[in-house]
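Below is one structure, written out as structure tokens; comments come after it.
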There are 2 protein chains.
Amino acid sequence: MEISCSKDTCPVKLAAEIIEGKWTTLIIRELFSGKKRYSELQRALNKISPKVLSARLKFLEERGLITRAVFATIPPTTEYALTPIGYKLESLLLAMAEFGNELIKKEINVKIISP
Amino acid sequence: MEISCSKDTCPVKLAAEIIEGKWTTLIIRELFSGKKRYSELQRALNKISPKVLSARLKFLEERGLITRAVFATIPPTTEYALTPIGYKLESLLLAMAEFGNELIKKEINVKIISP
DNA sequence: CTCTTATACTATACTTAGGGAAGTAGTTAC
DNA sequence: GTAACTACTTCCCTAAGTATAGTATAAGAG
């Protein structure tokens with residue numbers, strides 16, 4: 001596995017294009033504990049706006065990372081779940097958790113630096 | 001290592017705040033092959049604008065992930081390098097590379113979907 | 001002596017992404 | 001009848017990112 005690479009088709013670059021959007025990794029993390037409905041995601045990701053949530057879910061569905069299933073219940077429900085490709089993000093999420101713990105250990109305050 | 005967590009101090013969330021900005025992971029990737037000057041980074045990350053490059057480098061320096069060293073040569077040079085904390089991102093970068101390779105394997109075209 | 005090159009940036013104007021609030025439709029509970 | 005639930009969309013505004021030009025300083029080419 002090579003990190004460095006300058007091509008446009010560089011694996012790291014391709015991964016970056018998926019995960020760089022705000023909220024993207026957090027949405028995927030939620031889906032690791034099983035399929036979720038729109039409103040469940042909205043509640044879990046406390047401050048996300050419905051607009052951004054819709055956009056991200058659509059984006060992830062288009063890339064084949066999640067599936068969307070609509071049920072004609074009353075009121076209607078929609079379920080989002082990870083595809084096998086989406087599940088491949090597990091080691092990435094784990095690496096994020098690991099790094100986040102390092103930040104906490106080193107007492108680096110991530111939020112309160114800018115004035 | 002637990003992925004799921006709803007607190008504001010969740011490790012995944014903390015990591016997301018660092019890496020979610022555009023270009024951030026790619027800048028860090030460049031620094032894994034050793035310290036680099038501003039112009040070297042600019043050339044390596046072909047399409048980055050100087051404004052964003054400066055902003056990202058400043059951001060990463062403030063968080064303690066990279067160091068900045070200025071030399072009074074003519075013309076002046078600046079060297080950026082990873083700190084020990086910055087190096088902790090290695091497994092994250094590797095996971096990104098791994099995931100990028102999965103995308104290539106599955107022949108998912110990441111770029112040419114939107115019209 | 002002027003012209004170009006190099007470095008590490010700022011400054012400016014413009015475009016896109018994201019945030020916040022409100023609205024929509026169909027049904028059901030109070 | 002009014003409020004609530006569900007899964008969104010639409011509008012407007014600000015923040016983030018892009019593209020391009022400019023700054024200071026000095027070496028080297030012609």
Side-chain angles (χ1 to χ4, degrees), chain A residues 8 13 16-31 34-63 66-81 110-115, chain B residues 8 13 16-31 34-63 66-81 110-115:
Chain A
D8 253 14
K13 210 165 194 170
E17 277 165 17
I18 297 281
I19 65 161
E20 77 187 358
K22 210 164 174 182
W23 296 105
T24 311
T25 50
L26 267 11
I27 290 170
I28 287 165
R29 185 195 58 176
E30 289 307 317
L31 295 178
K35 62 190 178 194
K36 289 261 158 59
R37 291 186 300 165
Y38 184 93
S39 55
E40 289 180 302
L41 290 170
Q42 203 171 206
R43 271 189 295 271
L45 311 163
N46 189 336
K47 291 290 177 195
I48 195 170
S49 79
K51 176 191 167 179
V52 175
L53 182 52
S54 304
R56 283 289 157 274
L57 290 169
K58 198 178 164 193
F59 174 88
L60 292 171
E61 195 197 352
E62 283 173 349
R63 309 295 144 128
I66 65 172
T67 55
R68 189 181 110 113
V70 184
F71 299 97
T73 53
I74 287 162
T77 53
T78 322
E79 279 180 357
Y80 296 92
V110 188
K111 315 185 88 163
I112 310 152
I113 283 185
S114 44
Chain B
D8 254 13
K13 210 166 194 169
E17 279 165 17
I18 297 280
I19 65 161
E20 77 188 355
K22 209 163 174 183
W23 298 105
T24 311
T25 50
L26 298 177
I27 289 170
I28 288 165
R29 183 195 59 177
E30 289 306 318
L31 294 179
K35 62 189 178 192
K36 291 260 159 59
R37 290 188 299 166
Y38 185 92
S39 57
E40 288 179 302
L41 290 170
Q42 204 172 204
R43 271 189 294 270
L45 310 164
N46 194 331
K47 289 291 176 195
I48 195 170
S49 77
K51 179 186 168 182
V52 175
L53 182 52
S54 303
R56 283 288 157 275
L57 290 169
K58 198 179 165 193
F59 174 87
L60 292 171
E61 194 199 352
E62 283 173 349
R63 309 296 143 128
I66 64 173
T67 54
R68 187 181 112 112
V70 185
F71 298 98
T73 54
I74 287 162
T77 53
T78 323
E79 278 180 357
Y80 296 92
V110 187
K111 314 187 89 163
I112 309 150
I113 283 184
S114 44

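Labels below follow one simple rule: chain letters A, B, ... track the order of the sequence lines, proteins then strands, and each chain is numbered from 1. Atom set for the values below is all heavy atoms of this structure, side chains included, hydrogens, waters and symmetry mates excluded.
- In this structure, A/Lys22 places its NZ atom 11 Å from P of D/dA15, rounding to the nearest Å.
- Rounded to the nearest 0.5 Å, atoms CD (A/Glu30) and CD (A/Glu40) are 10.0 Å apart.
- Separating the CG atom of B/Leu45 from the C1' atom of D/dT18 is a distance of 15 Å, rounded to the nearest angstrom.
- The side chain of A/Ser49 approaches C/dG20 more closely than any other nucleotide in the set C/dG20, D/dA26, D/dA19.
- Look at CZ on A/Arg56: it is 9 Å from P on C/dA17, rounded to the nearest Å.
- In this structure, CD of A/Glu61 is placed 14 Å from C1' of D/dA7, rounded to the nearest angstrom.
- Distance, A/Ile48 CD1 to C/dA17 P: 16 Å, rounded to whole Å.
- At whole-Å resolution of the value, CG in B/Leu53 and C1' in D/dA19 are 15 Å apart.
- Remark: the B/Lys47 side chain and the D/dT18 base include no donor-acceptor N/O pair separated by less than 3.5 Å.
- For the pair B/Trp23 and D/dT18, the criterion of a side-chain N or O lying under 4.0 Å from OP1 or OP2 is met.
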### Query
When you look at A/Ile18 and A/Arg63, which way does the side chain to side chain contact (heavy atoms under 4.5 Å, CB included) test go after all the steps?
CA-CA 8 Å; A/Ile18 297 281; A/Arg63 309 295 144 128; 3.9 Å; yes

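- A distance of 7.5 Å separates CD in A/Glu61 from OG1 in A/Thr67, rounded to the nearest 0.5 Å.
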For nucleotides 3-8 of chain C, give me every protein contact, N/O to N/O, under 3.5 Å, one pair per line with atom names.
residue: C/dT7; atom: O3'; partner: B/Pro76; partner atom: O; Å: 2.8
residue: C/dA8; atom: OP1; partner: B/Thr78; partner atom: N; Å: 2.5
residue: C/dA8; atom: OP2; partner: B/Ser39; partner atom: N; Å: 3.2
residue: C/dA8; atom: OP2; partner: B/Ser39; partner atom: OG; Å: 3.1

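- Of the candidates A/Tyr80, A/Trp23, A/Tyr38, A/Tyr38 is the only one forming a side chain to side chain contact (heavy atoms under 4.5 Å, CB included) with A/Leu53.
- The separation between B/Lys51 atom NZ and C/dT15 atom P is 14 Å, rounded to whole Å.
- Atom CG of A/Leu60 and atom CD of A/Glu62 lie 9.5 Å apart (nearest 0.5 Å).
- Atom CD1 of B/Ile66 and atom CG of B/Leu57 lie 4.5 Å apart (nearest 0.5 Å).
- The NZ atom of A/Lys51 sits 10.5 Å away from atom CZ of A/Arg56, with the distance rounded to the nearest 0.5 Å.
- Rounded to an integer number of Å, the gap from CG of A/Leu57 to P of D/dC8 is 8 Å.
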